[in-house]
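This report concerns only the one structure given below.
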Amino acid sequence: MKLRMLLCLLSLSIFSSARMLAQSSFTVGTATAAPGQKATGVLEVPAGSDAATAIPVAVFQGSRPGPVLALVSGSHGTEYASIIALEKVIQTLDPAQLAGTVIILPLVNIPSFEQKVPHLNPVDGKSMNRFYPGKQDGTQTERVSYVITKQVVERCDYLVDYHGGDLDENLRPYAYWPKSGNARQDAITRDMVLAFGLDHVIVWNDRPKDPNASRYLDNTANTRGKPAIAVEAGYSGTVQTDDVAMLANGTFSLMRYLKMLPGAPAMVEHPVWFSKVDTVASDQTGIFYPLVQRGTYVEPGMKIGYVTDYLGKTIYEAHAPVAGVVLYICGVPSMKKGDTVANIGEITTTP
Ligand SMILES: [Zn+2]
């Protein structure tokens with residue numbers, strides 16, 4: 001009798017401690033993933049002054065405890081390589097191998113994707129990476145941003161925002177290291193960038209510090225104490241195997257750095273750091289002809305492209321204002337006064 005009672009108590013305590021160690025299920029929007037499982041669903045964004053929308057979400061709940069990592073792409077719905085990279089991660093990530101939780105939003109800006117409209121959400125004409133933390137009573141972009149802030153950013157521990165060259169941008173892959181001024185957090189985001197594996201890195205020093213005016217998604221996470229980075233690959237509407245692989249492999253390497261997947265991350269050892277990005281804007285409307293490629297090293301004064309009128313007369317010459325690397329250059333002939341001709345990164349050896 002006594003022995004049976006002891007055994008009973010023992011098994012109860014084993015059971016309850018196992019329950020305490022075990023993962024519970026994790027819900028985002030309509031997706032609830034049980035431990036060791038993947039679930040898909042949507043984040044519902046109710047109608048307001050304009051239409052409702054529903055953002056697709058995949059949730060991977062590991063069988064072992066660990067951090068919550070959020071991965072978001074397609075706030076610019078025609079930066080295709082980054083969207084396809086997260087589609088690939090959704091198809092290949094194995095929740096049985098995972099420690100912790102992964103939340104994936106592969107396509108935030110559905111109207112942009114469906115209507116092939118670059119840069120903006122065609123529903124309200126706003127960039128979907130400039131209105132964070134969002135507003136519950138704003139236009140669609142602001143309401144989407146609000147729902148993502150509440151249901152994804154506030155519930156994650158780490159975040160990555162994926163971008164690339166848009167339909168008109170011939171872009172060389174790079175990452176952003178956003179420096180917050182908090183040494184501990186900056187050390188983590190630096191490691192996240194190096195673990196992701198893109199070997200050109202822009203150091204972003206002048207990010208908004210106010211969490212209520214965070215503007216960008218990664219900055220919304222960083223100003224809430226959650227280390228976050230942004231990565232860019234792909235260009236001009238293409239879905240190149242190399243660009244997709246770079247972003248998908250970088251994601252798995254980052255999960256190894258965060259100890260969410262077994263194995264060691266592949267850290268970049270000697271990245272090219274950029275302390276500043278200079279934008280060259282056209283002062284004429286007309287037809288743009290580039291003279292350099294993405295990734296080209298330029299010297300101050302070097303001619304990087306020109307604009308003609310619609311009958312072939314040159315009306316503007318674009319010159320590099322500084323020495324550096326062409327991070328992207330306009331990839332199409334359409335050129336409007338004030339539009340970006342190129343972004344040039346200034347190299348630093350002391351990031
Ligand atoms: Zn973008």
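Order of listing sets the numbers, starting from 1, for every ligand and every atom in it. FYI, side chains are in, hydrogens and waters are out, and symmetry mates aren't considered; it's all heavy atoms of this structure.
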Give, rounded to 10 degrees, the angle between ND1 (H163) and OE1 (E79) as seen from the Zn ion (ligand 1). 100°

Within the stated cut-off of 2.8 Å, is an N/O/S atom of E232 closer than that to the Zn ion (ligand 1)? no

Write the atom name of the N, O or S atom in H76 that is nearest the Zn ion (ligand 1). ND1

May I ask you to say whether K276 pairs ionically with D206, meaning some side-chain N is under 4.0 Å from a carboxylate O? no

Can you check whether D210's main-chain N or O pairs, donor with acceptor, with S214's side chain at less than 3.5 Å? no

Quick one: do the N343 and T279 side chains pair a donor with an acceptor below 3.5 Å? yes

Between D186 and G181 (side chain of the first, backbone of the second, donor and acceptor by atom type, cut-off under 3.5 Å), is there such a pair? yes

